[in-house]
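Notes follow once the structure below has been shown.
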Amino acid sequence: MRFTPFLFLVLLPAFLQAQSNRFSEFYDYDNGASGFLNVLTTEDGFVAQGTNFKNGIRQSHTIAIDSNGSLLSEHSVFDVQVGYESFAMIRLSSGQIVSAGSLCDLSEPSLGPCDFYFARLNEEGDTLSTHVYERRDTSDVVLSMVETRPNKIMLIGWTYNDTTNADADLLFITVDTLGNELNRVVYGGGGTDFIGGGVVIDSTGDVVLAGFTGSFPASSSGRTWVVKTDSLGNVKWQRTYSGVCGVGSSAARICRLVDGNLIIAGGNTAFGGGGFGVDGSLMKIDTAGNLFWAKEYEVEGGQGLWSCSGLADGTIVANGVTDAGDGSQAGWLIKTDANGDTLWTRTFNPSSSTNFLRNMLIMPNGDIVAVGFGRGESSTTQDGWILRVDSMGCEIENCFSVGIEESPFDSAQGTLVEVYPNPVTDVLHVRFANNPVHSSVVITITDMLGRVVLRFTEKGNTALDVTALKSGIYMLRTTDDNGISSSVKFVKE
């Protein structure tokens with residue numbers, strides 16, 4: 001078949017459009033410190049929501065963008081006497097977009113009495129209506145929400161009996177689509193109990209939620225906690241775990257797999273302080289809470305996973321934050337097979353500052369759209385960040401390939417890393433395209449459980465002694481002095 005110039009000209013615009021809708025953009029609203037926690041698709045592109053912090057006041061911040069990341073509109077809910085924080089946003093089965101968060105009376109000491117709020121939004125992110133759920137002598141903070149049944153939404157968070165009590169209990173408030181309160185449940189023990197997210201598991205509206213508990217059993221460091229409730233928030237059972245997800249561990253979000261089971265993303269240190277665990281972790285459970293496996297994933301320094309998604313082929317994508325190796329934090333994507341074994345990892349550190357990815361969605365074509373916060377090139381404050389990459393974690397098509405015989409291509413710098421021979425018995429050669437010279441390249445080798453088994457610091461092409469490694473499949477990761485990373489699998493015979 002002859003490929004004519006005319007046909008090429010016809011196809012070129014479509015090709016360019018396919019390439020142009022991957023992006024990494026920062027959005028600076030009103031010169032405040034912004035961040036996004038949630039993102040949804042719209043007919044025109046996406047709507048993202050989070051919080052903007054300026055002059056000591058927090059305000060809900062929502063933007064609408066097109067499929068290429070261009071800003072279409074932005075909106076805020078602002079009051080000098082009330083601080084608004086948006087934590088959750090979902091699209092209901094009816095198609096309506098709703099969000100939930102907390103508002104706090106700024107005239108009171110500390111956080112002041114905070115209350116849940118529930119809002120209806122249009123496709124551009126404008127607020128259509130807001131309901132506030134006041135409870136006297138308490139401080140209530142929304143963390144997530146889930147539609148348990150059609151027209152029934154559970155707002156999930158925690159509550160303090162007063163503004164000085166350091167221990168928090170769970171609070172579930174069920175509302176209808178108009179915001180009318182239907183039920184509320186408070187549940188907890190003597191320690192701090194936290195639930196990060198939940199997922200509906202059956203037609204009855206039962207929900208499985210994941211977080212950490214300092215109460216069941218009592219523990220100052222907490223451990224991963226899974227709770228099952230009915231559609232109104234009444235607790236049916238709860239479980240904690242040992243090992244990887246034991247003492248000092250935390251779950252941030254739970255998601256459903258194609259086989260009907262569940263994946264929990266988190267870290268092996270309770271979320272707090274720096275905001276992430278020492279190692280990221282994933283654990284697979286069934287809907288009764290029985291554990292299939294739990295695995296840690298270490299890149300460099302400290303990291304944690306904040307959200308996850310189960311794909312149609314049984315693989316798992318999760319995102320979060322990891323140390324970039326230069327004192328900054330980078331956004332982090334990781335993909336595993338159905339057994340939790342690493343297929344690839346990607347880091348994104350566009351500003352060499354603090355960059356977190358907090359949530360994501362998977363597009364029908366496999367693209368990953370992740371949101372969080374970081375700092376744009378010309379910004380002096382934290383900005384809302386939206387990243388769109390392909391199914392391999394690339395802004396440029398086919399930059400990062402998976403397979404024993406293949407080497408990944410890094411889109412940001414064009415860095416190609418190769419390893420040979422593959423399989424290897426004793427000496428593994430690592431070669432960079434064009435043999436670039438760096439002040440240092442950190443080379444990390446992990447097993448398929450995500451555990452670091454070897455680490456080297458080199459200055460470009462090198463040969464590594466891997467004689468001590470056991471036979472099996474390993475992941476080699478390189479991070480150069482610009483914070484650019486590439487990964488490739490190899491087999492040790």
Side-chain angles (χ1 to χ4, degrees), residues 22 24 26 35-37 39 196 250-253 255 263-269 271 274-283 295-309 311 315-336 340-362 367-375 382 385-395 399-400 402 408 410-412 442 444 446 449-452 475-480 482-488:
R22 277 74 185 248
S24 177
F26 290 90
F36 296 127
L37 298 180
V39 61
S250 170
R253 193 172 296 272
C255 58
I263 281 291
I264 298 172
N268 75 350
T269 296
F271 286 81
F276 53 92
V278 173
D279 295 324
S281 68
L282 294 174
M283 56 183 291
K295 297 182 180 181
E296 294 177 324
Y297 307 89
E298 180 181 2
V299 178
E300 179 73 23
Q303 51 264 310
L305 294 170
W306 286 95
S307 66
C308 55
S309 183
L311 306 186
T315 58
I316 302 157
V317 175
N319 72 350
V321 60
T322 183
D323 279 358
D326 59 359
S328 65
Q329 280 78 52
W332 184 28
L333 283 177
I334 178 172
K335 186 173 184 178
T336 78
D341 294 330
T342 304
L343 296 176
W344 53 256
T345 65
R346 293 282 283 162
T347 58
F348 304 87
N349 194 30
S351 58
S352 297
S353 182
T354 298
N355 303 285
F356 277 56
L357 293 176
R358 290 293 302 270
N359 210 339
M360 65 179 175
L361 58 83
I362 307 297
D367 280 7
I368 303 166
V369 179
V371 296
F373 58 84
R375 181 171 294 180
Q382 175 184 297
W385 182 24
I386 304 181
L387 172 73
R388 180 173 183 173
V389 294
D390 69 12
S391 60
M392 302 303 295
C394 302
E395 289 181 63
C399 73
F400 192 56
V402 169
D410 189 283
S411 63
V442 176
T444 304
T446 58
L449 296 178
R451 299 174 297 197
V452 175
M475 181 72 72
L476 180 142
R477 178 184 181 82
T478 64
T479 304
D480 67 19
N482 293 312
I484 305 301
S485 297
S486 297
S487 301
V488 63

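Residue numbers start at 1 and run along the sequence shown.
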_Identified side-chain contact (heavy atoms from CB on, under 4.5 Å) counterpart of Ser24 within the set Val389, Leu387, Asn355_ =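 Of the listed residues Val389, Leu387, Asn355, the side-chain contact (heavy atoms from CB on, under 4.5 Å) partner of Ser24 is Leu387.
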*Would you check if the side chain of Tyr297 reaches a backbone N or O of Gly340 as a donor-acceptor pair within less than 3.5 Å?*
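Checking the backbone N and O of Gly340 against the side chain of Tyr297, a donor-acceptor pair under 3.5 Å is found.
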_Has Arg346 got a side-chain atom pairing as donor or acceptor with Gly393's backbone, closer than 3.5 angstrom?_
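Confirmed, Arg346 side chain pairs with Gly393 backbone.
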Below 4.5 Å, heavy atoms only, C-beta onward: do [X] and [Y] meet side chain to side chain?
X: Ile386; Y: Val369; answer: yes
X: Val317; Y: Leu311; answer: yes
X: Ile316; Y: Leu282; answer: yes
X: Trp332; Y: Val321; answer: no

Measuring from [X]:[atom1] to [Y]:[atom2], what's the distance to the nearest 0.5 Å?
X: Ile334; Y: Gln303; atom1: CD1; atom2: CD; result: 9.0 Å
X: Thr322; Y: Leu333; atom1: OG1; atom2: CG; result: 11.5 Å
X: Leu476; Y: Thr444; atom1: CG; atom2: OG1; result: 8.0 Å
X: Arg375; Y: Gln382; atom1: CZ; atom2: CD; result: 8.0 Å
X: Phe26; Y: Phe36; atom1: CZ; atom2: CZ; result: 11.0 Å
X: Met360; Y: Arg253; atom1: CE; atom2: CZ; result: 9.5 Å

*Any side-chain donor paired with an acceptor under 3.5 Å for Ser307 and Asn319?*
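The answer is yes; a qualifying pair exists.
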*Going by distance alone, is a donor N or O of one side chain under 3.5 Å from an acceptor N or O of the other, for Thr345 and Arg477?*
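Distance-only check passes for Thr345 and Arg477.
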Closest approach of [X] to [Y] (non-hydrogen atoms, all atoms of both residues):
X: Ser391; Y: Ile368; answer: O-CD1, 4.5 Å
X: Leu305; Y: Ser281; answer: CD1-O, 3.7 Å
X: Met475; Y: Leu343; answer: CE-O, 3.1 Å
X: Asp323; Y: Gln329; answer: OD1-NE2, 3.6 Å

*Aromatic ring proximity Trp385/Phe373, centre distance under 6.0 Å*: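 No: the rings miss the under 6.0 Å criterion.
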*In sequence, state the C-alpha distance, the side-chain angles, and the governing distance for Leu37 and Val371, and then conclude on side chain to side chain contact (heavy atoms under 4.5 Å, CB included).*
CA-CA 6 Å; Leu37 298 180; Val371 296; 6.0 Å; no
